Amino acid sequence: MVPGGVPAWHAGRVNPQLADSVFVRACRREPVPHTPVWYMRQAGRSLPEYRRAREGVEMLTACATPDLVVEITMQPVRRYGVDAAIFFSDIVVPLKAIGVDLDIKPGVGPVVATPIRDRAGAAVLRPLEPGDVPYVTESVEALLKELGGTPLIGFAGGPFTLASYLIEGGPSKNHDRTKAMMYGDPELWHELMDRLGAITLAFLRVQAEAGASAVQLFDSWVGAVAPQDYRTYVLPHTAKIFAGLADLGVPRIHFGVGTGELLGVMGEAGADVVGVDWRVPLDEAALRVGAGKALQGNLDPAVLLAPWEVVEERAREVLERGRVAEGHVFNLGHGVLPSTDPDQLARLTDLVHEASAR
Ligand code: 1CP
């Protein structure tokens with residue numbers, strides 16, 4: 001440690017111990033002793049210990065309480081022995097932190113009090129300063145002590161996905177109003193995306209500078225746009241985010257759902273790892289994404305609701321197809337479903353480690 005309690009490796013940004021972890025090595029497309037595995041939404045409602053920890057505590061309060069963030073982030077690491085922890089937070093935390101009036105409603109998701117539909121609305125989105133999220137820095141630093149050799153993944157929402165919640169006012173099936181703004185008022189759209197991109201970049205930098213070993217951009221709902229529209233309306237903003245992280249030296253993961261037709265153009269955005277949902281086999285995804293990227297994915301989360309024999313067969317197939325990629329991080333094609341039996345995930349973690357051992 002250096003004066004001020006900041007770990008000495010902060011200057012070089014990447015903790016050398018964790019830069020050599022199996023997970024980070026796979027993200028960098030380096031040889032690994034086994035395929036690393038973690039699960040999107042590995043913390044959360046599928047775990048009884050999560051439901052107990054959250055009793056009587058609202059979601060956004062939990063995200064701003066370091067003791068709870070540490071406990072909930074650690075729960076799946078202890079239970080499954082996964083190769084990476086995902087920081088317990090939510091994609092709307094930075095928006096809340098700059099003063100957007102929103103809440104996470106149980107069983108619904110993020111709900112915004114005053115949806116953004118015009119220039120005055122967009123102007124509310126001021127830049128995020130590290131001082132807006134002191135509990136994030138504190139939680140990451142506390143987690144580094146708890147995690148030992150397990151790397152921590154920081155994350156943020158992609159600008160399209162955040163724009164959708166802000167414009168629609170909550171979860172949306174078709175993102176109608178979002179696309180209406182995108183097509184109908186491109187100038188306003190780009191201004192909104194610029195502001196969201198800057199907030200996202202700042203939020204990811206806070207986590208990496210506090211010690212996260214990798215970052216993931218969840219642009220979960222961007223699969224709603226066609227490739228040519230992605231190129232015009234989204235790519236400039238995601239590319240700026242990934243470029244703005246380059247000096248930190250942490251692997252950058254880029255994920256969306258329903259992005260089969262976008263994998264090529266997403267491959268141009270500048271991430272080191274592209275996350276693939278369950279719809280495109282990994283060997284085909286490798287062709288679409290192009291050279292120089294690792295892949296993450298992509299077992300259908302619903303497969304875990306089937307008997308173990310089915311899970312095993314499907315997981316082996318994902319591993320087999322993943323061998324075609326230059327680097328492979330095993331994951332689900334989207335988040336763990338709340339009804340998933342944690343024992344299935346425990347068995348799956350062991351299977352991935354054993355079946356991929358080299
Ligand atoms: O009461 C509860 O338990 C709330 C459920 C919950 C949880 C556990 C929400 C509300 N967010 C989270 C945590 C969370 N959110 C994590 C960390 C946990 C982990 O991965 O282990 C992460 C990475 C997220 C990211 C997130 N939030 C995304 C991107 C990932 C994805 O699933 O596509 C999105 C789209 C959100 C919005 C959101 N927050 C919560 C819900 C239920 C939703 C989705 C709502 C919708 O369908 O639009």
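The model shown is predicted, which means the values in this text are computed figures rather than measured ones. When a ligand or atom number is given, it counts from 1 through the structure's own listing order.
One distance of note links CD1 of Ile91 with CZ of Phe203; it measures 10.5 Å at 0.5 Å rounding. Within the model, atoms CG of Leu152 and CE of Met74 stand 10.0 Å from one another, a figure rounded to the nearest 0.5 Å. Here the straight-line distance linking atom CZ of Phe88 with atom OG of Ser139 works out to 10.5 Å at 0.5 Å rounding. In this structure, the separation between OG1 on Thr35 and CD on Glu354 is 12.5 Å, given to the nearest 0.5 Å.
Within the structure, the closest approach of Gly335 to ligand 1 does not fall below 4.0 Å when heavy atoms are considered. In this structure, Tyr50 counts as a contact residue of ligand 1, since one of its heavy atoms falls inside 4.0 Å of the ligand. Ser89 counts as a contact of ligand 1, since one of its heavy atoms falls under 4.0 Å from the ligand. Residue contact check for ligand 1: Val108 places a non-hydrogen atom closer than 4.0 Å to it. Put simply, no part of Arg51 is less than 4.0 Å from ligand 1, judged by heavy atoms. Not a single heavy atom of Tyr39 lies less than 4.0 angstrom from ligand 1.
Under a 4.0 Å N-O distance rule, the pair Glu168/Lys173 does not qualify as a salt bridge. Under the 4.0 Å criterion applied to side-chain N and carboxylate O atoms, Asp247 and Arg205 are assigned as salt-bridge partners.
Ligand 1 has no N or O atom lying under 3.5 Å from any N or O atom of Thr161, backbone or side chain. An N or O contact shorter than 3.5 Å links Ala43 to ligand 1 by distance.
For Arg41, the side-chain hydrogen bond (donor to acceptor under 3.5 Å, both in side chains) criterion is met by no residue, not counting sequence neighbours.
Residue Phe218 approaches ligand 1 through these ligand atoms, each under 4.0 Å from one of its heavy atoms: 23 (C), 29 (C), 30 (C). If you number the atoms of ligand 1 from 1 as listed, the ones under 4.0 Å from a heavy atom of Arg45 come out as 3 (O).
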